[in-house]
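For reference, the structure discussed in these notes is given below.
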Protein chains: 2
Amino acid sequence: MAQTLRIPRSDNRLPQILDEAARLFREKGYAATSMRDIAAAVDMLPGSLYYHFAAKEDLLVAVYEQGVRLITEKVRAAIARHEEPWHRLEAAAVAHLEALLKTGDYALVVIRVLPQDVPKAAARLVRLRDGYDALFAELVAALPLPPETDRQSFRLLLLGALNWSQHWFRDSGRHSPRSIARSFLRLLREAQQP
Amino acid sequence: MAQTLRIPRSDNRLPQILDEAARLFREKGYAATSMRDIAAAVDMLPGSLYYHFAAKEDLLVAVYEQGVRLITEKVRAAIARHEEPWHRLEAAAVAHLEALLKTGDYALVVIRVLPQDVPKAAARLVRLRDGYDALFAELVAALPLPPETDRQSFRLLLLGALNWSQHWFRDSGRHSPRSIARSFLRLLREAQQP
DNA sequence: CTATAAAGCAAACAGTCGTTTGTTTTGTTT
DNA sequence: AAACAAAACAAACGACTGTTTGCTTTATAG
């Protein structure tokens, strides 16, 4: 009677399912990835996935949640190491881009799969994103900018450019996520303090 | 014998097909849009579409081509009206964003549908995009920037931010595509010339 | 060792997908 | 009016979709 829930099996395969789902969602997109694709990747039968998730959209939401959590943690840890507002923003930009381009699949799903692609889960996905956006808004708010500077545009410019980098970034070149983020921030900073 | 091809019927419905395909591809994405969706939108039977296009991917490529052509024309016309490099770039940015956010479906398909979403047509789509990118590269090359400025990063920063705006822009607010583009450019310009 | 619940298998459901085929309608040209 | 091609219909093909159901395996708890 005291025991209401049994301890789940140790070799749980749920992490593996999430990993492969994240990989496939990011590679082919949500709609083009079938439950059978995911099942095959984890060497399972399609129906077995429904023991872990009630529907395909729920699997996406789970991946999405983990992606947002991962980016948020990386960014929070990075900015905690600095005091000066510009340094904090730069650290955040670097962490954000490294989470996207190096950590891999989970984070990329967050900016690759659009909420409108999954109508039934759109509200949940948007809520997850908004929480993260607020973090950057705070960082920009703390910057010592000229009073006439539009801080909202500033944030959208920076974050948009960072997110778009998924489309052209190739790991081969001399550019690293860190150098790209720094380069972007330098272009923005020099403009604001002569 | 002299006549090899008959003049096509005047009330051709091909433009209508492209219009609806563009609308649906931009609303739901490529994979989530079915040939039946498109056929229903133009009040046709699914099979009839195959008189105009050999495959779904070819329909996408046709929409994509028109989208790229549309943006390119708008931008070319806009920059032709200015001489000074910064003014030319600003005109291009405004035209680019207006093409995306006002002209509508065709242009948005170009930045919404990723080449990797359509493996069989990916090469064709990338080729179309690259031609356009070169246009912006020229504009940035003409700017009178300090010698240490990284012009490639400059271009990627601006274009990325512009393209990403599709995700947050809402037509309701005080912000217009024009004001956004100008705002972005001001943030970038002030940094480069004290 | 046995009871029990977690986890997965096996097989199918109804529906949708892109596409093909043969035929019919429609408009234009002569 | 006859000839002909453009354009669309009507109907189906096999493959694939997300999901459900009932049964079996497997590990843990008492």
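The figures here come from the full heavy-atom set of this structure, side chains too, leaving out hydrogens, waters and symmetry mates. Chain identifiers are assigned alphabetically (A, B, ...) following the order of the sequence lines, protein sequences preceding nucleic acid strands; residue numbering begins at 1 within each chain.
Listed pair A:Tyr51 / C:dG8 fails the phosphate criterion, with no side-chain N or O lying under 4.0 Å from OP1 or OP2. One finds a side-chain N or O of A:Asn12 lying less than 4.0 angstrom from the OP1 or OP2 phosphate oxygen of C:dA7. For A:Ser34 and D:dC16, the shortest distance from a side-chain N or O to OP1 or OP2 is not below 4.0 Å. Look at B:His52 and you'll find a side-chain N or O under 4.0 angstrom from OP1 or OP2 of D:dA8.
Listed by first and then second residue, the ring-ring contact (aromatic ring centres under 6.0 Å, His included) pairs that reach into residues 96-118 of chain B are B:His96-B:Tyr132, B:His96-B:Phe136, sequence neighbours excluded. For residues 107-129 of chain B, there are no ring-ring contact (aromatic ring centres under 6.0 Å, His included) pairs, not counting sequence neighbours.
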Show each protein N/O and nucleotides 9-12 of chain C N/O combination with a separation under 3.5 Å, one pair to a line.
{"from": "C:dC9", "atom 1": "OP2", "to": "A:Leu45", "atom 2": "N", "distance (Å)": "3.2"}
{"from": "C:dC9", "atom 1": "OP2", "to": "A:Ser48", "atom 2": "OG", "distance (Å)": "3.0"}

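Nucleotide D:dT20 holds its P atom 15 Å from the NZ atom of A:Lys56, rounded to whole Å. Following rounding to the nearest Å, A:Asp37 (CG) and D:dG18 (P) show an atom-to-atom distance of 8 Å. A straight line from NZ of A:Lys120 to P of D:dG18 spans 11 Å, rounded to a whole angstrom.
A salt bridge links A:Lys28 to A:Asp37: at least one charged side-chain nitrogen sits closer than 4.0 Å to a carboxylate oxygen.
A salt bridge (Lys or Arg N to Asp or Glu O under 4.0 Å) with A:Asp105 is found for one member of A:Arg23, A:Arg26, A:Arg112 and no other, namely A:Arg26.
Between B:Glu20 and B:Thr33 there is no side-chain heavy-atom pair separated by less than 4.5 Å.
Across every strand in view, C:dA12 sits in a pair with D:dT19 that passes the Watson-Crick or G-U test at under 3.5 angstrom.
In this model, a donor atom of one side chain and an acceptor atom of the other lie less than 3.5 Å apart for B:Arg129 and B:Tyr64.
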